[in-house]
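These values consider heavy atoms only, across backbone and side chains, with no hydrogens, waters or symmetry-generated copies. Since this is a predicted model, take the numbers as computed values, not measurements.
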Amino acid sequence: MQDSDLGAILRSWRDRLQPADAGLPVYGFRRAPGLKREELAQLAGVSVDYLVRLEQGRARRPSAQVAAALARALQLSDAERSHLFEISGLLPPGPGEVPTHIPPSVQRLVARLGEVPVAVFTAAWDLLSFSALWAALLGEPAPPDKGRPNLLRSHFAGRALGSSGIRIICPEGSLEIFEASLVSDLRRAYGRYPHDRRVQELIADLIASSERFRALWDSGTVSEHQSEMKVVQNAVVGDVELDCDIFTVAGTDLHIVAYTAAAGSEAAGKLDFLRVSAVSAAAPALASSPQPHGSLHP
């Protein structure tokens, strides 16, 4: 296979993906179908210049991290993702690793849930993708020095997952239940992916850094993390009491986390305000560099 095939297939995948399916607004007339290079670069977290070089065959060997990010942004199937890795000279992720690829159907679902703060996590609670309203409610997640933001790392280190420091409060008496549920769910993921290096490193780091995690891990409890009510302390609208529901995608072990409020409630009104604020703040930038939601690659 020729190196130029990588550029050609990237262009064809970009041309077939409709902006609406990626959660992108459409401004004015579009001369070509599919995503613009600027839009794909933004979604994948790479520079436009680097994407141009890939498509023109001047860059021929993307890293595994970039290939994974492009696969998610382009909403490739599992077979297409493996093909992208292979023509890039990379080994596709093995079946023993925690899945980090978001299937196209799940990406479309998340993109169309514009009225809900929603995010996608791996089985080990690495944050993969999030909606604009999620960022407005909880703060824009800041990528750590290495890897992805991780819910367990943040919680047991006593810091917020988002860069703005917004806190999530569990109802009185349920913090212990929340922590035990989260650790038990991680043990469940470890049982399914015992040879995943990232999961092994996560557990080792948490055992070394958190006495509370170590005690919960040593208990040996295994269970699925459950949904519950949460209170978000947002600097703009104050405390917001929301239902937090967790859905697991069959076959991938991905977690979809969504915050909702009953129609007509005070919390629903606060979410509406944040939604309008997020759209208004993003509108000027979206016309030239769209960023309707976030995607965090390794």
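- Taking hydrophobic clusters as Ile, Leu, Val, Met, Phe, Trp and Tyr residues chained together by side-chain heavy-atom distances below 4.5 Å, L175 shares a cluster with I166.
- Pairing each heavy atom of A123 with each of V98, the nearest pair is N-CG1, 3.9 Å.
- A distance of 11.5 Å separates OG in S184 from CD1 in I177, rounded to the nearest 0.5 Å.
- Here T122 pairs with nothing under the side chain to side chain donor-acceptor pair (under 3.5 Å) rule; sequence neighbours left out.
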(message) With side chain to side chain contact (heavy atoms under 4.5 Å, CB included) as the criterion, how do V66 and Y50 come out once you've worked through the C-alpha distance, each side chain's angles and the decisive distance to 0.1 Å?
(response) CA-CA 10 Å; V66 169; Y50 183 63; 3.9 Å; yes
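- Residues satisfying the ring pair (Phe, Tyr, Trp, His ring centres under 6.0 Å) criterion with Y193, sequence neighbours excluded, are absent altogether.
- For S88 (side chain) and L84 (main-chain N/O), a donor-acceptor pair under 3.5 Å exists by modelled atom type.
- Side-chain contact between V118 and V257: absent, with no pair of heavy atoms (C-beta onward) separated by less than 4.5 Å.
- Around atom CD of E86, more than 12 heavy atoms belonging to other residues, nucleotides or ligands sit under 6.0 Å away.
- A distance of 5.5 Å separates CG of L133 from CZ of R275, quoted to the nearest 0.5 Å.
- One finds the OG atom of S47 at 9.0 Å from the CG atom of L54 (value rounded to the nearest 0.5 Å).
- A search for side-chain contact (heavy atoms from CB on, under 4.5 Å) contacts involving A268 returns A261, S265, not counting sequence neighbours.
- Clustering of Ile, Leu, Val, Met, Phe, Trp and Tyr by side-chain heavy atoms under 4.5 Å joins V231 with I169, M229.
- Shown here are the side-chain contact (heavy atoms from CB on, under 4.5 Å) partners of I207, two or more places apart in sequence or in another chain: I203, F213, R214, W217.
- L161 and P149 make their closest contact through CD1-CB, 3.9 Å (heavy atoms, listed as atom of the first residue, atom of the second, distance).
- Heavy-atom contacts from other residues, nucleotides or ligands closer than 6.0 Å to CZ of R58 number more than 12.
- A124 and N150 make their closest contact through O-ND2, 2.9 Å (heavy atoms, listed as atom of the first residue, atom of the second, distance).
- Inter-residue side-chain proximity for V120 and V249 is flagged as unmet; no heavy-atom pair is nearer than 4.5 Å.
- By the 4.0 Å N-to-carboxylate-O rule, D49 lies close enough to R53 to be salt-bridged with it.
- The shortest non-hydrogen separation linking Q75 to A22 is NE2-CA, 3.7 Å.
- Cluster membership check: I87 does not share its hydrophobic cluster with L90, using side-chain heavy-atom separations under 4.5 Å among Ile, Leu, Val, Met, Phe, Trp and Tyr.
- Residues satisfying the ring pair (Phe, Tyr, Trp, His ring centres under 6.0 Å) test with H101, not counting sequence neighbours, are none.
- A donor-acceptor pair is defined here as one N or O able to donate and one able to accept, closer than 3.5 Å; no such pair exists between the side chain of R153 and the backbone of L206.
- Residues that satisfy the side-chain contact (heavy atoms from CB on, under 4.5 Å) test with P93, not counting sequence neighbours, are R81, F85, E97.
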(request) Please report the C-alpha distance between V52 and R37 in whole Å, then the side-chain angles of each, then the deciding distance to 0.1 Å, and finally whether the side chain to side chain contact (heavy atoms under 4.5 Å, CB included) criterion is met. (result) CA-CA 8 Å; V52 170; R37 281 173 172 159; 3.9 Å; yes
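- Residues satisfying the side chain to side chain donor-acceptor pair (under 3.5 Å) test with R212, not counting sequence neighbours, are E179.
- Evaluation of the salt bridge (charged side-chain N to carboxylate O under 4.0 Å, His left out) test over residues 113-123, restricted to residues two or more places apart or in two chains, returns none.
- L70 approaches A44 most closely through the heavy-atom pair CD2-CB, 3.9 Å.
- In this structure, CD in Q233 is found 12.0 Å from CG in L138, a value given to the nearest 0.5 Å.
- Under the 4.5 Å side-chain criterion, counting only non-hydrogen atoms from C-beta, L271 is in contact with P117.
- Looking at heavy atoms from C-beta onward, W125 lies in side-chain contact with H255 at the 4.5 angstrom threshold.
- Residues V183 and S219 are not in side-chain contact: their nearest non-hydrogen atoms beyond the backbone lie 4.5 Å or more apart.
- With hydrogens and angles ignored, the 3.5 Å screen pairs a side-chain donor or acceptor of R60 with a backbone N or O of G57.
- For the pair D15/S12, no side-chain contact is recorded, criterion being any heavy-atom separation below 4.5 Å from C-beta on.
- Between L10 and L74, the shortest heavy-atom distance links the atoms CD2-CD1, 3.9 Å.
- Between the side chain of D205 and the backbone N or O of Q200, no donor-acceptor pair lies under 3.5 Å.
- Linking ILVMFWY side-chain heavy atoms closer than 4.5 Å, directly or via other members, places L43 and V48 in two distinct hydrophobic clusters.
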(request) Would you sort out whether L109 and I256 count as a side chain to side chain contact (heavy atoms under 4.5 Å, CB included), showing the intermediate values? (result) CA-CA 10 Å; L109 173 66; I256 300 176; 4.2 Å; yes
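- Among residues two or more places apart in sequence or in another chain, the side-chain contact (heavy atoms from CB on, under 4.5 Å) test is passed with R16 by W13, L76, E80.
- Every residue meeting the salt bridge (charged side-chain N to carboxylate O under 4.0 Å, His left out) condition with R112, not counting sequence neighbours, appears here in chain and number order: D21.
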Which pairs of donor and acceptor atoms, one on a side chain in residues 236-246, lie under 3.5 Å apart (sequence neighbours left out)?
none

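- Under a hydrophobic clustering in which Ile, Leu, Val, Met, Phe, Trp and Tyr are joined whenever their side-chain heavy atoms come within less than 4.5 Å, directly or via other members, F273 and V232 fall into the same cluster.
- Looking at R14, its side chain does come within 3.5 Å of a backbone N or O of L35 through a donor-acceptor pair.
- Note: L128 CG to F121 CZ = 8.5 Å, rounded to the nearest 0.5 Å.
- Here the side chains of S129 and I102 are in contact, with some heavy-atom distance below 4.5 Å.
- Here the side chain of R72 pairs a donor or acceptor atom with the backbone of T100 at under 3.5 angstrom.
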(request) Begin with the C-alpha distance, continue with both residues' side-chain angles, and end with the deciding distance and a verdict on side chain to side chain contact (heavy atoms under 4.5 Å, CB included) for R108 and S105. (result) CA-CA 5 Å; R108 289 193 296 270; S105 58; 3.8 Å; yes
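- Side-chain atoms of E201 never come within 3.5 Å of backbone atoms of R198 as a donor-acceptor pair (strictly under, hydrogens ignored).
- Counting only heavy atoms from C-beta outward, the side chains of V116 and W134 never approach each other to under 4.5 Å.
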